[in-house]
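This chain uses plain numbering: 1 for the first residue, then up along the sequence. Just so you know, ligand 1 is whichever comes first in the structure, and atom 1 is the first atom listed for that ligand.
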Amino acid sequence: MRHLMNPMDFSVEELDKLFDLAADIEKDPKKYAHMCEGKKLATCFYEPSTRTRLSFESAMINLGGSVIGFSDAGSSSAAKGESVSDTIRVISCFADICAMRHPKEGAPMVAASRSGIPVINAGDGGHQHPTQTLTDLLTIRSLKGRLDNFTIGICGDLKFGRTVHSLVNALARYDKVHFVFISPEELRIPSYLREMLWDKALSFEEVIRLEDVMPRLDLLYMTRVQRERFFNEEDYVRLKDFYVLTKEKMERAREDMLVLHPLPRVNEISVEVDDDPRAVYFKQVQYGVYVRMALILTLLELV
Ligand code: CP
């Protein structure tokens with residue numbers, strides 16, 4: 001039985017297969033409409049979510065399966081003190097696969113170690129968000145036609161943003177990816193990621209100004225400042241609007257540069273950018289459903 005805790009749990013070859021499957025699902029969804037009949041997905045979300053939880057639920061329903069779960073720790077027996085280990089042992093009696101989001105780093109890993117069913121990490125604290133990374137990679141592969149040989153700017157809260165941590169780890173395995181990390185000093189990438197890039201002799205730079213690097217980017221991955229991970233409100237307020245992607249800044253970008261964002265957005269992308277054909281963050285959400293369908297089929301060994 002396999003779990004998904006980290007995008008690195010799949011080899012590059014396995015990811016290729018997963019993305020091929022997701023692309024086939026996009027092309028011919030009817031072919032997959034009954035593949036999970038009789039199967040249940042449990043969504044155990046101890047932290048708020050719109051996209052991840054609902055795209056998992058949508059994915060399972062699209063596959064003919066059904067969904068149980070909770071969207072708030074307060075409405076589960078966690079509020080009475082039940083441990084994640086006990087909860088997953090219980091959920092294993094009810095469902096065939098579980099997607100879990102938790103504010104504590106490593107909680108889905110603890111669950112996986114006691115689980116009778118595959119567990120998918122749907123985001124754990126500021127650590128990892130592997131299914132967002134699968135979504136990001138499928139979006140890039142589908143719209144750019146490749147996962148190598150590009151310059152990607154990653155902008156915003158690189159310290160606390162789990163989507164950033166998972167994406168950098170995943171992209172570090174592809175050839176000729178140059179990273180441009182754009183953040184204020186206080187929100188730079190964690191040192192373990194910088195060391196990983198140094199160890200692998202990968203090409204990266206760290207800058208503060210977004211405007212200066214725009215003309216060099218093939219992809220721009222914008223992120224939200226993660227209010228929920230800050231230790232004090234004052235720092236959050238000072239940093240929250242450090243970057244705002246506007247129409248004027250987009251004028252400095254290449255014609256074929258793509259803007260991605262894991263969403264939710266707060267102020268970091270002006271709504272006027274949404275109409276720019278290079279803004280693909282809402283398309284990205286749709287790819288999230290296809291890739292989660294492919295993941296459920298893969299972990300349930302139905303393909
Ligand atoms: N991208 C993402 O994880 O969104 P949600 O928090 O809405 O699930």
Side-chain angles (χ1 to χ4, degrees), residues 4-7 22 41-62 67 69-76 97-108 111 119-140 142-143 152 154-171 219-230 236 240 243 245 258-269 271 274 279-296:
L4 179 70
M5 294 296 119
N6 184 314
L41 165 76
T43 51
C44 298
F45 277 59
Y46 295 83
E47 229 190 21
S49 168
T50 296
R51 268 146 301 275
T52 311
R53 185 172 65 83
L54 296 181
S55 65
F56 263 116
E57 296 190 358
S58 176
M60 191 49 148
I61 291 165
N62 290 347
V67 178
F70 54 85
S71 58
D72 170 18
S75 67
S76 78
I97 186 164
C98 173
M100 178 179 287
R101 171 170 288 188
H102 203 288
K104 279 198 188 143
E105 302 186 356
V119 176
I120 301 165
N121 177 4
D124 61 330
H127 186 216
Q128 295 282 336
H129 193 344
T131 63
Q132 181 62 50
T133 296
L134 300 183
T135 301
D136 301 339
L137 296 184
L138 178 63
T139 305
I140 296 169
S142 302
L143 301 179
I152 181 167
I154 306 185
C155 178
D157 184 350
L158 312 188
K159 179 179 180 183
F160 296 117
R162 59 192 173 199
T163 65
V164 171
H165 307 157
S166 289
L167 182 63
V168 173
N169 270 313
L171 283 177
L219 296 159
L220 173 60
Y221 192 88
M222 292 297 293
T223 64
R224 164 181 76 90
V225 175
Q226 307 272 304
R227 180 182 206 157
E228 62 275 35
R229 316 267 176 240
F230 270 73
Y236 169 72
K240 71 184 172 66
Y243 298 107
L245 182 62
L258 299 180
V259 184
L260 287 84
H261 190 312
L263 303 179
R265 150 183 60 188
V266 186
N267 290 326
E268 60 280 359
I269 302 180
V271 288
D274 296 357
V280 297
Y281 27 90
F282 290 111
K283 272 190 194 160
Q284 198 178 340
V285 176
Q286 184 63 60
Y287 285 116
V289 179
Y290 301 137
V291 88
R292 289 183 176 99
M293 289 171 74
L295 179 65
I296 290 169

Go through the side-chain N and O atoms of Gln132 and Asp136 and say whether any donor and acceptor fall under 3.5 Å apart. yes
With under 30° as parallel and over 60° as perpendicular, where do the rings of His102 and Tyr46 fit, or are they tilted in between? tilted
Flag Arg53 as yes when one of its N or O atoms lies below 3.5 Å from any N or O atom of ligand 1, and as no otherwise. no
Does a side-chain heavy-atom distance below 4.5 Å link Asn169 with Thr133? no
From atom 1 (N) of ligand 1, work out which of Leu263, Asp136, Thr135 has a heavy atom at the shortest distance. Leu263
of all protein heavy atoms, closest to atom 4 (O) of ligand 1 is Arg51 NE, 3.0 Å
List every atom of ligand 1 that sits less than 4.0 Å from any heavy atom of Pro262, numbering the atoms from 1 in the order shown and giving each element. 1 (N)
Within the structure, is a non-hydrogen atom of Glu47 found at a distance of less than 4.0 Å from ligand 1? no
Any nitrogen or oxygen of Pro264, side chain or backbone, less than 3.5 Å from one on ligand 1? no
Measure from NZ or CZ of Arg292 to the centre of the six-membered ring of Phe56, then state whether that distance is under 6.0 Å and the direction lies within 45° of the axis. yes
Would you give the length of the straight line joining atom CD1 of Ile154 to atom CG of Leu219, rounded to the nearest 0.5 angstrom? 9.5 Å
Check Thr163 against ligand 1 and report side chain, backbone, both or neither, counting heavy atoms closer than 4.0 Å. neither
Look at the side chain of Glu268 and the backbone N and O of Val225, then say whether any donor-acceptor pair between them is shorter than 3.5 Å. no
What atoms of ligand 1 come closer than 4.0 angstrom to any heavy atom of Thr50? 5 (P), 7 (O), 8 (O)
Can you name the atoms of ligand 1, numbered from 1 with element, that are less than 4.0 Å from a heavy atom of His129? 2 (C), 3 (O)
Among non-hydrogen protein atoms, atom 6 (O) of ligand 1 lies closest to Arg101 NH1, 2.9 Å
Arg162/Asp124 under side-chain contact (heavy atoms from CB on, under 4.5 Å): CA gap, chis, key distance, verdict: CA-CA 8 Å; Arg162 59 192 173 199; Asp124 61 330; 5.5 Å; no
